[in-house]
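One structure is given below, encoded as structure tokens.
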Amino acid sequence: MKTSTVVGATIGLLAVAAVGYAIYFDSKRRNDPEFRRRLKKERKRVLKLAHEEAKTLSNKSAQTVEEAFAGISEDDFPTSMEQREKFCMEQLSAGEALFTQGPEHYAQAAICFFKALKVYPAPAELVMVYQKTIPPEVFTLVMGMLSKDVQSKHERYYTVFPPKDMNVEVKEKPEGVAADGQEVMRRGLVARKSFSAGEIIYTEEPIISSLEPSLEGKNFCHYCLKQIVNEESKVPCSKCTQAVFCSVECKVSASQEFHDVLCTKDLEYASSPEHSLHAYTKTTRKLVLEMLAKFLVMMVHEGSQNSRPEYSSFDHMEQLRYLGISSSEEEEKEMELLKGALGSNIPGIDEFITEERYLLMKGRLLYNIYGISTSLDPNLDDVEPLPERHRSVCDAPITGVGFYKVTSYLMHSCKPNAKIVFSEYDHKVSLITTREVKAGDELFVGYIKNDSLSTEERRLELFDKYRIRCMCPLCETTD
Ligand SMILES: [Zn+2]
Ligand SMILES: [Zn+2]
Ligand SMILES: [Zn+2]
């Protein structure tokens, strides 16, 4: 993967450099260091600006935005990179031609500029250029449309996710009462139809998974975590000794999604920032940092694809519950390792990984990852428990951890009505009912192993790890 060219396609703020084509209006000013310095400083404020500008719309303009917005459909936008580039240029020229004809053409011009913004790989930068080059009235209209677009994308999320064929939906559920008497709500997964005990509700692949460090390079696939029983089918990475794969397909997927960037290439070089990240994972046995690195590389890969889904993995991640992490020397060290490993491969990543964003992303992974068990030998006894928190849903030893879009929404119960099974002995989860479930019932799994714990111990562990005050029948009755 040629990261320096594909990064241009990444959505939003990640695409800071190396866009495939010059900004149409003002390439000269973009080369001015003063302008670039301001661009960097102001980039963050763009969405806030959109929001504030939208508020200043007069009633008439607001109506114009409303009408224009209703007339734009997602199908209006081309999908391939080449077509998007052409489309963007056409909209920009049309917009410019329209506004020079006078105020009666401003609304039409604004629609063109909004459409260009929708396909431009670095919308925040384009907004900055608009602010300096188009009439303020047109700019306000474009900002109104942008603000409306962000809002509507947010509102639509749970109507298209999870996909219907997974038989579940996300619903708000009460989670107790706060100190001020307000009811606290959380999200959970609810069955769309009835199931009898032992039925598979859905199967899901992770966004990202990571192998337990001591199993690396041995007989476990670096991509799908499957145990490689047949020595002949083992496919090694051609550049490092850590990654082996169960098949050519897994090797190709891993290369495209993350391994080309994160491979330590230890057959070529003695040491590198990728090496430092890997060594840290190996010695601490903490997998979340490596998962975050994989996640970010994969996000760039995802953004470079011709057919991009409406919601990126980052959009999915942003919806999830997280664990609050405060900054510390250790977090700083991890952040530097992450920036080091990605910096030379992903231009702009340094600016993207702010401390705030880093802690939030890490907190989301820590809260939502599951332990995965793929070993065909249930007595894989030389694997120690992992030091970082993860939902422990399997009895067999953990061979890795995974981060899932839908499965993350499953709530804990000490008396669950479903369980997670790795039925194909790889990183795919299947959710299986353990008793009858009716349409509309919330689905629960056990986040912790609670067989030998008292109610008090369970409560402590659940609160300590997941900030959960369990309201299951076992916790409610055995007081
Ligand atoms: Zn595999
Ligand atoms: Zn490798
Ligand atoms: Zn409970």
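For ligands, and for the atoms within them, numbers begin at 1 and follow the listed sequence.
His412 lies apart from the Zn ion (ligand 3) in this respect, since none of its N, O or S atoms is found at a distance under 2.8 Å. Between the Zn ion (ligand 2) and His259 there is an N/O/S contact shorter than 2.8 Å. Cys246 lies close to the Zn ion (ligand 1), since one of its N, O or S atoms is found at a distance under 2.8 Å.
With the Zn ion (ligand 1) as the vertex, atom SG of Cys250 and atom SG of Cys224 span an angle of 110° (nearest 10 degrees). Between SG of Cys472 and SG of Cys475, the angle at the Zn ion (ligand 3) works out to 110°, rounded to 10 degrees. To the nearest 10 degrees, the Zn ion (ligand 2) sees SG of Cys240 and SG of Cys237 at an angle of 110°.
Of all non-hydrogen atoms in Gln227 and Leu376, the two that sit nearest each other are OE1-N, 2.6 Å.
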List the steps and the verdict of ring pair (Phe, Tyr, Trp, His ring centres under 6.0 Å) for Phe161 and His316.
CA-CA 9 Å; Phe161 174 87; His316 287 293; 4.9 Å; yes
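Taking CD of Glu318 as the start and NE2 of His154 as the end, the distance is 9.0 Å to the nearest 0.5 Å.
Of the possible polar contacts, none joining the Tyr223 side chain to the Ser255 backbone as a donor-acceptor pair under 3.5 Å is found. Judged by distance alone, with hydrogens and angles left aside, the side-chain atoms of Arg459 form no donor-acceptor pair with the main-chain N or O of Ser454 at under 3.5 Å.
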